[in-house]
Amino acid sequence: MRRIHLVMAGGAMLAALLAGAPAAASPAQPGPAGSAHQAAPADRDGRAERVDLPRSTPQDGARAAAAADGYFYAYEHAWWGGRWCAWAGNASNWVNPGGAATTGQWGCGGDYGFDNIATSVWNNGVYHDYDAVRMRTGAFLTGGSMCLSRGDYWADFTLGYQAFDDGTPADNQISSHYWGVSCS
Amino acid sequence: MRVRGTPGARRPRRRAVVVIVTLAVALPLAASSITGAWPGSTSAAPPSTVAPSPDPAPAGPVTAEDRRILVRAESLLTRDCMTRDGFQLWLGTPPPADELLSFPYVVDDIAWARKHGFGSDLVAAVDVRRRTDPNQRYVSGLSPERREAFLATLNGARPEGLEARLPSGGVMRRSAEGCTSEAQRRLYGDLAEWYRSSKVVADLTGLRQRRVLADPAWTAALRPWAGCVRQRGFTVDTPEQLRQSVGTRGRAGEIAAAVAEARCAQDGLAATTRALDARHGDELTAAYHQEVAARNRLEHGAVPRARAVVDAEHE
């Protein structure tokens with residue numbers, strides 16, 4: 001009996017150690033995977049919560065975006081991940097970025113704001129006399145400005161390098177845009 | 001799920017941990033190598049290290065007429081490329097002169113301000129012209145599949161291949177494929193170098209504006225200007241604040257504010273701004289003279305080819 005108890009205790013300890021092993025491994029998870037990490041508790045609770053993870057490759061984004069009916073794209077995350085909006089026309093206030101020829105995920109174009117959200121942007125416009133897109137920090141065409149020619153993109157503002165012409169860092173700061181002649 | 005409890009089940013989990021640990025090590029390394037490479041490729045290196053050897057061909061930028069020919073030739077080559085792939089493309093006309101004027105610091109043209117205020121009418125006019133543009137209408141009328149094919153043929157199937165590290169910061173990228181790239185490759189020869197140098201040079205504009213707006217001389221010149229617009233009923237400290245204040249005042253309010261801004265700029269702010277813009281422009285051109293020279297060299301080299309393309313069109 002004693003021997004059996006000892007074996008059982010040993011087994012329980014082993015089980016506790018094994019159970020502890022995955023927990024001990026979790027601090028090693030890298031910081032950049034934070035969004036994925038936060039999604040885990042919802043999974044454990046068994047809730048089928050929809051969690052947006054950044055897209056893994058630019059190609060994924062290119063295919064999804066090109067199929068949509070819009071030509072200047074703004075994405076919530078780097079490398080075209082997360083929520084997005086797409087415009088063939090101007091949007092003077094991204095708090096309410098709707099208007100003609102606007103599209104995007106989850107009804108972007110109605111009462112769905114995209115103000116101070118964009119982290120990657122892409123001008124996949126049509127050939128035009130006015131195919132450069134100018135982004136501003138303010139609504140109604142105010143504030144610092146940045147410009148993208150047709151075909152160009154910025155993939156990741158979170159790196160902190162890109163800035164508007166008034167020095168404002170680009171990440172999560174675009175509040176309006178309009179099409180114009182050229183960027184030079 | 002079926003193999004749970006068997007010895008083999010542990011293997012994938014261990015592999016996953018290995019991947020995560022590897023990522024944990026690799027990501028900071030990748031990040032530090034990017035930041036490490038940064039200063040050398042922009043502000044730190046250019047002027048001091050390369051200055052001693054004088055440029056053998058100190059060619060300035062191409063003339064406005066040559067630039068017009070370059071733009072026209074690129075349009076023609078792009079159209080030919082699109083036509084070859086079964087699409088249509090209409091060539092546009094250069095925009096009106098008023099639309100080409102921009103006032104990044106302060107509106108200092110009273111006549112322009114009377115006509116356009118801060119230019120909201122021009123933005124609206126461009127929007128209307130965009131929507132009625134034959135290219136836009138043609139593409140909007142295509143099926144989603146054909147539209148996707150059109151954009152891939154024009155801008156490249158995958159937005160990869162060209163890269164420019166901008167003096168102001170970020171990395172701008174574009175596809176090296178598609179008709180735009182093909183047209184530019186035929187004109188300029190070295191597409192990667194032309195993309196890189198022309199994007200760097202274009203980016204200097206924004207950098208120059210940022211430096212002017214941060215210059216103490218600009219701030220000093222703003223004080224009398226702000227006093228002048230205050231006398232005209234606008235209690236603001238900067239042109240930017242004045243623009244923001246007219247957001248809801250309508251067209252007449254916008255024009256009144258812009259005219260006040262332009263009138264008050266005549267007392268010194270306009271002249272100071274022009275001088276600062278020229279000085280910071282010269283300094284940036286000197287600091288990035290390699291990219292400026294590369295862009296100019298490639299454009300000068302492209303002019304004869306562009307002229308041949310334009311001449312062939314006229315025949």
Side-chain angles (χ1 to χ4, degrees), chain A residues 22 25 28-33 58-59 61-63 66-69 71 88-90 92 100-101 122 124-130 138-157 159-167 169-170 178-184, chain B residues 13 17 20-21 23-24 27 34 38 78 82 89 92-95 99-100 104 118 120 123 126-127 129-131 133 135-136 139-140 144 147-148 150-152 154-160 166 168-175 178 180 199 201-202 205-207 209-210 213-214 240 243-244 247:
Chain A
Q29 287 193 359
Q59 290 88 336
R63 271 202 305 276
D69 188 18
Y71 304 108
N90 300 339
S92 60
W122 179 32
N124 194 31
V126 173
Y127 174 90
H128 231 279
D129 288 327
Y130 306 95
F140 304 109
L141 320 178
T142 60
S145 136
M146 301 192 297
C147 190
L148 268 186
S149 301
R150 180 169 50 78
D152 290 341
Y153 65 91
W154 278 301
D156 189 357
F157 288 153
L159 297 173
Y161 298 125
Q162 186 58 42
F164 290 85
D165 66 354
D166 66 348
Y178 56 95
W179 297 85
V181 178
S182 77
C183 289
S184 48
Chain B
R13 189 177 295 170
V17 171
I20 288 166
V21 171
L23 275 173
L27 282 174
I34 291 166
W38 205 254
T78 307
M82 293 298 286
L89 202 79
T93 47
E99 285 182 16
L100 295 173
F118 291 117
S120 64
V123 171
V126 164
D127 196 35
R129 228 170 300 144
R130 271 183 59 80
R131 270 183 252 166
D133 182 282
N135 292 296
Q136 190 79 49
V139 173
S140 299
R147 194 181 311 138
E148 188 175 347
F150 175 95
L151 288 168
L154 178 68
N155 295 339
R158 304 204 301 182
E160 303 170 308
L166 305 179
S168 68
V171 182
M172 189 179 266
R173 295 189 178 93
R174 199 189 80 190
S175 176
T180 300
K199 292 299 176 188
V201 173
T205 304
L207 207 56
Q209 288 162 9
R210 200 196 298 186
L213 294 173
E240 179 55 34
R243 268 159 225 237
Q244 284 170 6

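These numbers were taken from a predicted model, which means no experiment stands behind them. The figures that follow rest on heavy atoms only: side chains count, while hydrogens, waters and symmetry mates do not. Reminder, nothing fancy here: chain letters follow the sequence lines and each chain counts from 1.
No other option in B/Val123, B/Val201, B/Thr78, B/Leu207 has as many heavy-atom pairs under 4.5 Å with chain A as B/Val123. Chain A forms the most heavy-atom pairs under 4.5 Å with one residue out of B/Ser120, B/Gly92, B/Ser175, B/Gly178, and that residue is B/Gly92. By number of non-hydrogen pairs under 4.5 angstrom with chain A, the leading residue of B/Gly206, B/Ala214, B/Gly156 is B/Gly206. Between chain A and the residues B/Leu100, B/Thr205, B/Leu213, B/Asp127, the largest count of heavy-atom pairs under 4.5 Å involves B/Asp127. Of the residues considered (A/Asp152, A/Asp166, A/Asp129, A/Asp165), A/Asp152 shows the highest number of contacts with chain B, using heavy-atom pairs under 4.5 Å.
Put simply, the side chain of A/Tyr127 does not reach to within 4.5 Å of the side chain of B/Met82, judged on heavy atoms. At least one side-chain heavy atom of B/Leu166 sits under 4.5 Å from a side-chain heavy atom of A/Trp154. Between B/Arg130 and A/His128, some side-chain heavy-atom pair lies under the 4.5 Å cut-off. Put simply, the side chain of A/Cys183 does not reach to within 4.5 Å of the side chain of A/Met146, judged on heavy atoms.
Side-chain contact check for B/Arg129 and A/Tyr130: at least one donor-acceptor pair (N or O, by modelled atom type) lies under 3.5 Å. For the residue pair A/Tyr153 and B/Glu160, no side-chain donor N or O sits within less than 3.5 Å of a side-chain acceptor on the partner.
Between the side chain of A/Thr142 and the backbone N or O of B/Gln244 there is no donor-acceptor pair closer than 3.5 Å.
For B/Thr180, the part lying near chain A is the side chain, with the backbone staying farther off; criterion is any non-hydrogen pair under 4.5 Å. Only the side chain of A/Val181 comes within contact range of chain B, with heavy atoms under 4.5 Å apart. Neither the backbone nor the side chain of B/Phe118 comes within contact range of chain A; no heavy atom of the residue lies under 4.5 Å from a heavy atom of that chain. Both the backbone and the side chain of B/Gln209 come within contact range of chain A, judged by heavy atoms closer than 4.5 Å. With a 4.5 Å cut-off on non-hydrogen atoms, A/Phe164 touches chain B through its backbone but not through its side chain.
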